[in-house]
Chemist: 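First the structure, which I've put down as structure tokens, then a few questions once you've had a look.
Just the heavy atoms: all of them, side chains too, but no hydrogens, waters or symmetry mates, feed the values below. Fair warning: this is a prediction, and the values are worked out from it, not measured in the lab. This chain uses plain numbering: 1 for the first residue, then up along the sequence.
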Amino acid sequence: MIYPLSIRSFFCSRVITAVLLALLFTGCSENSAPDTETQNREITMNELAERYVKLTLAVGQHHDYYIDAYYGPEAWREQDKQPLGELLQLGENLHADLAKIDATNHEKSRHEFLTIQTESVLFFIKHLQGEQFSFDEESKALYDAISPTIDESEFDQALAELDDLLPGDGPLNQRMAVFSKQFEIPKDKLDTVFRAAIKESRQRTRQFIDLPTQENFTLEYVTDKVWSGYNWYKGNSFSLIQMNTDFPITIDRAIDLASHEGYPGHHVFNSLMEKHLVNANGWIEYSVYPLFSPMSLLAEGSANYGIDVAFPEHERIAFEKEVLFPLAGLDSSKVDLYYAVQAVRSKLSYIDNVVAKRYLDGQIDKQTAQQMLMKYALSSEQKALQRIGFIEQNRAYVINYNLGQDIVRDYVEQLSKGNAEKRWQVFSELLAYPKTASMMRH
């Protein structure tokens with residue numbers, strides 16, 4: 001807040017301000033640039049990691065959703081709110097000090113990951129300060145990747161395939177709604193189906209990944225959200241998993257959500273980071289998860305790709321047909337057609353990125369964005385509006401699901417060379433020792 005000053009108080013305030021600024025930049029703040037004594041010795045990665053954690057927590061005080069998870073020292077969270085300008089300076093100091101570090105072989109990946117994460121924090125501060133950026137600039141700076149340019153003709157080809165598969169006449173999104181309705185899980189059977197899916201995904205994951213013995217979760221059902229499912233990681237290998245029941249949930253989403261939010265998705269990802277990096281190595285920077293950061297591309301991408309790792313297509317169809325369909329009281333006679341439709345529909349996944357980019361860059365208005373989602377994502381009017389709400393709230397975050405999945409898949413498949421057991425090994429190592437998009441493409 002700015003107060004009016006008299007002439008006398010103006011000169012007094014200039015003196016006071018000069019003193020305060022001198023104190024600020026000579027190390028009185030524990031987050032500020034190192035003092036003379038610190039500059040005369042080598043700065044350690046652990047010191048920089050602590051400054052990074054405190055910086056991200058401070059930025060989180062300016063945005064309700066920025067800190068997705070934190071399980072470090074509670075006292076670090078309880079700091080006074082600092083102006084964004086001061087936080088930008090602290091971040092630039094941190095970035096400069098990271099550049100001075102000659103990381104050992106053991107810490108090269110740690111140093112690279114922390115540097116890229118810090119760069120995303122700096123960008124997010126500028127975003128909070130009101131600076132304007134294009135969709136691609138934002139996605140590159142926050143998530144270390146840019147979504148490919150896709151011509152709508154590719155989506156039109158997929159729509160033509162669906163036109164042949166889906167029975168009936170009329171708009172495709174309406175035919176899709178009618179077709180999908182016969183695969184909706186009745187609300188009174190949702191919990192039974194979800195818990196069966198989670199149990200199976202956990203069992204499959206445990207065969208290949210050594211999870212902490214105490215790992216667990218609580219499952220809740222919520223409404224009025226812009227997302228379909230969410231994992232709130234609480235630390236000590238415990239998660240709160242929430243499922244949104246605003247719209248009917250089809251049978252395929254049971255395994256999707258169980259794997260994405262739970263096993264081997266977000267719950268496992270956070271548990272392994274805590275186990276291997278925070279607890280075993282003392283790398284405190286992994287105790288905080290800023291949502292709008294490169295970590296999210298790996299988190300969402302691995303959670304989506306992990307569905308296929310845990311449930312290869314033929315095994316998934318068999319499990320759903322033999323277990324989930326009966327639990328939901330659904331007819332499984334059309335399961336093959338259903339998955340043929342889903343396979344073609346997956347070719348439309350990048351429409352979210354196209355719509356988000358055009359909408360956020362001001363190339364189309366909200367109504368046009370809604371119409372594009374209804375046409376190419378085959379959404380209902382209400383579902384399209386929910387998706388636009390997600391885009392408005394999370395902006396370029398949408399690239400993390402599809403592009404993230406493709407980047408993770410390419411990385412894991414290249415190293416595992418089609419071997420199923422090796423695939424699990426590479427995948428679990430990636431979760432335990434995270435890499436950003438550019439690191440996976442080295």
Side-chain angles (χ1 to χ4, degrees), residues 24 29-33 46-95 97-98 113-131 133 138-139 141-144 225-227 230-236 238-242 261 266-267 269-271 273-274 277-278 283-300 389-398 400 434 436:
L24 176 63
S29 169
E30 62 179 341
N31 260 340
S32 62
N46 285 346
E47 289 174 314
L48 297 178
E50 179 177 329
R51 285 164 59 186
Y52 163 80
V53 174
K54 292 176 179 177
L55 174 64
T56 55
L57 291 175
V59 174
Q61 293 182 325
H62 291 266
H63 192 285
D64 291 340
Y65 306 109
Y66 186 63
I67 301 301
D68 191 73
Y70 175 64
Y71 45 89
E74 191 59 31
W76 292 3
R77 195 201 298 266
E78 299 168 355
Q79 53 187 314
D80 293 335
K81 190 172 183 178
Q82 298 169 265
L84 288 171
E86 291 182 10
L87 296 181
L88 184 64
Q89 183 63 61
L90 294 176
E92 289 173 346
N93 293 345
L94 172 59
H95 190 260
D97 287 340
L98 278 165
F113 191 89
L114 184 55
T115 299
I116 295 173
Q117 284 285 122
T118 299
E119 289 168 352
S120 80
V121 178
L122 287 170
F123 181 90
F124 193 71
I125 293 173
K126 294 174 184 177
H127 167 71
L128 291 177
Q129 288 179 317
E131 291 192 40
F133 303 94
E138 180 180 320
S139 64
L142 290 183
Y143 309 115
D144 195 32
K225 304 296 180 183
V226 296
W227 38 257
Y230 211 105
N231 178 294
W232 304 95
Y233 190 71
K234 303 298 183 180
N236 197 30
F238 180 80
S239 292
L240 168 63
I241 297 177
Q242 293 182 326
E261 306 299 342
H266 295 323
H267 175 66
F269 176 54
N270 285 287
S271 294
M273 280 198 301
E274 181 178 17
L277 301 181
V278 179
W283 293 359
I284 194 65
E285 67 268 31
Y286 290 95
S287 68
V288 65
Y289 175 7
L291 185 64
F292 306 109
S293 75
M295 191 178 286
S296 281
L297 182 133
L298 174 59
E300 302 295 359
F390 182 92
I391 290 170
E392 290 173 337
Q393 178 174 302
N394 299 290
R395 299 181 58 80
Y397 193 92
V398 295
N400 295 325
T436 71

Chemist: Could you tell me whether the side chain of H62 and the main chain of Q82 form a donor-acceptor pair under 3.5 Å?
Modeler: yes

Chemist: Say you draw a straight line from CG of L128 to NZ of K126; how long is it, rounded to the nearest 0.5 Å?
Modeler: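 It is 12.5 Å, given to the nearest 0.5 Å.
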
Chemist: Please check if the distance between the ring centroids of H266 and F269 is under 6.0 Å.
Modeler: no

Chemist: Check whether any side-chain heavy atom of T115 lies under 4.5 Å from a side-chain heavy atom of H95, and answer yes or no.
Modeler: yes

Chemist: Would you check, one step at a time, whether the test side chain to side chain contact (heavy atoms under 4.5 Å, CB included) holds for E131 with F123?
Modeler: CA-CA 9 Å; E131 291 192 40; F123 181 90; over 6 Å; no

Chemist: Q117 and Y52: which non-hydrogen atoms are nearest, and at how many Å?
Modeler: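 Of all heavy-atom pairs spanning Q117 and Y52, the closest is NE2-OH, 3.0 Å.
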
Chemist: Return the OH to CH2 distance between Y70 and W76, rounded to the nearest 0.5 Å.
Modeler: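 The CH2 atom of W76 is 5.5 Å from OH of Y70, to the nearest 0.5 Å.
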
Chemist: Restricting to non-hydrogen atoms, name the atom on L291 and the atom on Y143 that form the minimum distance, rounded to 0.1 Å.
Modeler: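 Answer, listing the atom of L291 first, then Y143: O-CE2, 4.2 Å.
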
Chemist: Angle class for the Y71/Y233 ring planes (parallel below 30°, perpendicular above 60°, tilted otherwise)?
Modeler: perpendicular

Chemist: Any side-chain to backbone donor/acceptor pair from Q61 onto Q79? Under 3.5 Å, distance only.
Modeler: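 Between the backbone of Q79 and the side chain of Q61 there is a qualifying donor-acceptor contact (under 3.5 Å).
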
Chemist: Evaluate side chain to side chain donor-acceptor pair (under 3.5 Å) for S296 paired with Y289, printing each intermediate quantity in order.
Modeler: CA-CA 8 Å; S296 281; Y289 175 7; 2.8 Å; yes

Chemist: Please check if the distance between the ring centroids of F292 and H63 is under 6.0 Å.
Modeler: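 Under 6.0 Å, so yes.
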
Chemist: Looking at every heavy atom in both V226 and G389, which two are closest together, and how far apart are they?
Modeler: CG1-C, 4.1 Å

Chemist: Check L114 against L98 and note the closest heavy-atom contact, atom names and distance.
Modeler: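 That would be CD2-CD2, 3.8 Å.
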
Chemist: When you look at V288 and I67, which way does the side chain to side chain contact (heavy atoms under 4.5 Å, CB included) test go after all the steps?
Modeler: CA-CA 7 Å; V288 65; I67 301 301; 3.9 Å; yes

Chemist: Find the distance between CD (E92) and CG (D97) and round it off to the nearest 0.5 Å.
Modeler: 12.0 Å

Chemist: What distance do D144 atom CG and S293 atom OG have between them, rounded to the nearest 0.5 Å?
Modeler: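 Rounded to the nearest 0.5 Å, the CG-OG separation comes to 10.5 Å.
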
Chemist: How many angstroms lie between CG in D68 and CG in N270, if you round to the nearest 0.5 Å?
Modeler: 7.5 Å

Chemist: Keeping the roles fixed (side chain from E274, backbone from N236), state whether a donor-acceptor pair exists under 3.5 Å.
Modeler: yes

Chemist: Return yes if some donor-acceptor pair links the side-chain N/O of E261 with the main-chain N/O of I241 below 3.5 Å, else return no.
Modeler: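 Side chain of E261 to backbone of I241, a donor-acceptor pair under 3.5 Å: no, none is there.
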
Chemist: What pair of heavy atoms forms the shortest contact from P434 to L298, and how long is it?
Modeler: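 The pair with the smallest heavy-atom distance is CB-CD2, 3.4 Å.
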
Chemist: Where is the tightest heavy-atom contact between N46 and W283, given as atom of each residue plus distance?
Modeler: OD1-CD1, 4.4 Å

Chemist: So, are R51 and E47 salt-bridged, with charged N and O less than 4.0 Å apart?
Modeler: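 Looking at E47 together with R51, the answer is no, because their closest N to O distance does not fall below 4.0 Å.
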
Chemist: Hey, what do you get for CG (L94) to CG (L55), rounding to the nearest 0.5 Å?
Modeler: 6.5 Å

Chemist: Go through N93 and Q89 one step at a time and tell me if the side chain to side chain donor-acceptor pair (under 3.5 Å) criterion holds.
Modeler: CA-CA 6 Å; N93 293 345; Q89 183 63 61; 2.9 Å; yes

Chemist: So P73 and I284, do their side chains get closer than 4.5 Å, heavy atoms only?
Modeler: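 In short, these two side chains touch, coming nearer than 4.5 Å.
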
